[in-house]
*Asks:* 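Just passing along the structure, written as structure tokens.
By convention in this document, chain letters (A, B, ...) are assigned in the order of the sequence lines, proteins followed by strands, and residues within each chain are numbered from 1.
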Amino acid sequence: MMGQKKEITNREIADRLSTMARLLEIAGEDRHKVQAYERAARRIEHLSFPAAGCSEEELTRIPGIGVRIAGQIREIAVTGTFAELETLRTAIPGSLIELLGVAGVGPRTLHLLWKRLGIETIDDLERAAKARRLRTLPGFGAKKEETIAKGARQFRRRPDTMTRPQVEAVLANLRAFLPEGEYTVTGSYRRGAATIDEIEVVTIADKAAVAESLATIDGAHLNLRFTDPARYGTALLCSTGSANFLEKLADVARKKGYRLTPDGLSSISDGRVHTFASEEEVFSFLGMAPIPPELREDRGEIELAQRLTLPDLVDIHDVRGDLHAHTVASDGRQSLEEVAEAGDTRGYEYIVITDHSSRVRPETLLKQRDAIDKINQRHTCQLLLGSEVDIRSDGTLGYPNRILADLDLVIASIHSGFGQNQDIVTRRVLSAMENEHVDIIGHPTGRLLGKRPAYAVDLFRVIDHAAETGTALEINASPHRLDLEDIYIWHAKKKGVKLAVGTDAHRTGEFENMRYGIALARRGWCAPNDILNTLPLSSLQEWLS
DNA sequence: GCCGTTTTCGGCCCGACTGTTTTCAGTCG
């Protein structure tokens with residue numbers, strides 16, 4: 001089948017343009033030229049019509065798109081890329097671009113490292129740091145060299161795991177040949193984990209039929225398990241794990257005279273195999289309540305399932321709003337109006353606008369308030385005016401109290417001084433919680449999965465203090481953060497600390513990430529009433545006041 | 001590279017922070 005060639009999306013065009021911006025930056029080009037590409041990428045991504053269908057003349061009418069970039073967009077629409085981009089790609093080694101992931105190394109530094117020291121790989125970088133050659137560069141000293149050396153060590157040690165979006169990119173390829181309904185993604189992905197080592201999939205598809213297509217997938221850590229509908233239940237169970245959970249479950253089965261295998265429960269006495277089409281049937285056969293995948297970590301869930309007293313877990317449908325969103329007023333790419341529309345689409349009662357304090361002047365807050373008042377009249381989903389206020393290096397907040405007092409909700413977050421020692425960084429957070437206007441501590445550990453470790457904050461002290469001050473802790477639902485980790489959620493819940501699930505959405509598509517945050521909350525055994533944003537608007541406002 | 005126009009080139013977002021500085025450059029959000 002010839003199948004119509006799919007028109008290239010605005011997102012894909014924007015992606016090419018921002019790649020161009022990155023490469024230009026490393027190449028040492030004028031930063032305004034770099035920004036021009038970034039701006040153009042943003043514009044394209046935001047269009048309400050497909051740019052691929054536009055003529056060059058139509059494209060130049062879009063602000064931020066001139067003759068040159070318009071021509072390049074036309075080229076992308078036809079060939080998928082453009083000449084200048086490909087030329088740059090051949091000039092700049094791929095291993096060099098990866099080094100942007102080293103903490104403390106930005107594009108300008110990378111340019112210097114490359115041009116002046118000939119550094120192209122992480123090995124080169126570590127060698128140069130060890131030989132004290134970095135400090136010979138203009139604007140460099142011993143401290144900067146040490147910062148980068150540390151960043152390089154972390155970069156090398158970065159875990160070989162995938163974030164959920166990385167997994168989903170692989171799964172998108174899988175969909176091309178595994179029909180909907182014929183497979184389930186299992187493993188730690190199904191258990192809602194923040195990072196995934198191995199993509200596990202159980203399928204009833206015909207092995208011979210898909211083998212060839214399978215080879216075409218960049219199958220990093222992809223593990224397909226073939227089964228048939230009659231055995232689907234045990235296949236799912238065994239493939240979902242976790243290992244500890246399965247060990248304990250196998251004990252339960254053994255006590256009843258069975259061995260647990262992906263093919264079924266086989267009788268120890270006569271070898272007969274009972275097969276199960278669903279997990280529920282397996283649990284039921286073993287005299288247990290069905291255990292949600294997120295709980296399967298052997299943290300006491302099996303015992304509770306045997307007593308039929310599993311906790312009531314929060315569900316995505318319990319969520320009534322989002323507590324963390326950015327707009328164009330700071331570093332977001334969405335307008336207030338777009339946020340309200342997204343909220344309506346999701347059936348939310350409210351979304352809290354929480355732009356960065358460092359990027360929003362008090363006058364702008366007043367303007368946001370006026371705009372929100374107008375927008376709220378046209379939408380079911382009500383916007384609230386909040387802020388993500390910096391907890392600065394010295395522990396003070398980014399706004400004075402008189403500004404904070406006028407906001408509907410205040411998230412306080414750390415965005416600097418990541419290297420401070422445990423006591424200092426912890427005291428910063430504790431002092432923020434002391435402020436009566438602070439409602440939530442945002443992304444409490446500051447980790448960026450695969451990029452930056454958590455700062456040295458002592459979460460047990462934070463949780464204890466949150467219980468005293470009545471401050472909520474955020475479960476940041478961004479798949480690049482997923483901060484807090486489940487055991488801390490569990491601990492906070494036990495102490496009676498409220499958890500606030502926020503997507504930290506910078507563009508409308510990211511409100512979808514709520515599901516990741518809720519999965520994490522479930523891993524932390526949270527019930528609906530542990531989660532702040534399951535409250536109806538009026539109750540939320542009551543809690544805030 | 002784009003824009004606006006004072007049609008031929010200068011300005012383009014920014015605040016906190018850090019390290020290198022003695023007045024600034026680069027990173028990060």
*Asks:* Taking atom P in both dG26(B) and dT21(B), compute the distance separating them and give it to the nearest angstrom.
*Replies:* 13 Å
*Asks:* Base, sugar-phosphate or nothing for R359(A)? Non-hydrogen atoms, less than 4.0 Å.
*Replies:* base
*Asks:* What integer number of Å spans the P atoms of dT5(B) and dG1(B)?
*Replies:* 22 Å
*Asks:* If you measure from the P atom in dC13(B) to the same atom in dC17(B), how many Å do you get, rounded?
*Replies:* 23 Å
*Asks:* Under 4.0 Å between a side-chain N/O of R31(A) and OP1 or OP2 of dG26(B), yes or no?
*Replies:* no
*Asks:* When you match I391(A) and G139(A) each to their closest nucleotide on DNA chain B, which lands nearer the 5' end?
*Replies:* I391(A)
*Asks:* Using only side-chain N and O atoms of R68(A), determine if any of them is under 4.0 Å from OP1 or OP2 of dG1(B).
*Replies:* yes
*Asks:* P atom, dT8(B) versus dC14(B): distance in rounded Å?
*Replies:* 28 Å
*Asks:* What form does the base of dT6(B) take, syn (within 90° of 0) or anti?
*Replies:* anti
*Asks:* Pick the C1' atom in dG11(B) and in dA16(B), then give their distance to the nearest Å.
*Replies:* 24 Å
*Asks:* Would you mind telling me which residue lines up with the more 5' stretch of DNA chain B, R392(A) or G104(A), judged by nearest nucleotide?
*Replies:* R392(A)
*Asks:* Under 4.0 Å from OP1 or OP2 of dT18(B): is there any side-chain N or O of S393(A) that close?
*Replies:* yes
*Asks:* With both distances kept under 3.5 Å, what pairs with dT8(B), Watson-Crick or G-U wobble?
*Replies:* none
*Asks:* Can you tell me if Q368(A) and D355(A) form a side-chain donor-acceptor pair at under 3.5 Å?
*Replies:* yes
*Asks:* When rounded to the nearest Å, what value does the distance between P atoms of dG15(B) and dT20(B) take?
*Replies:* 24 Å
*Asks:* Does the side chain of S357(A) get closer than 4.0 angstrom to OP1 or OP2 of dG15(B) through an N or O atom?
*Replies:* no
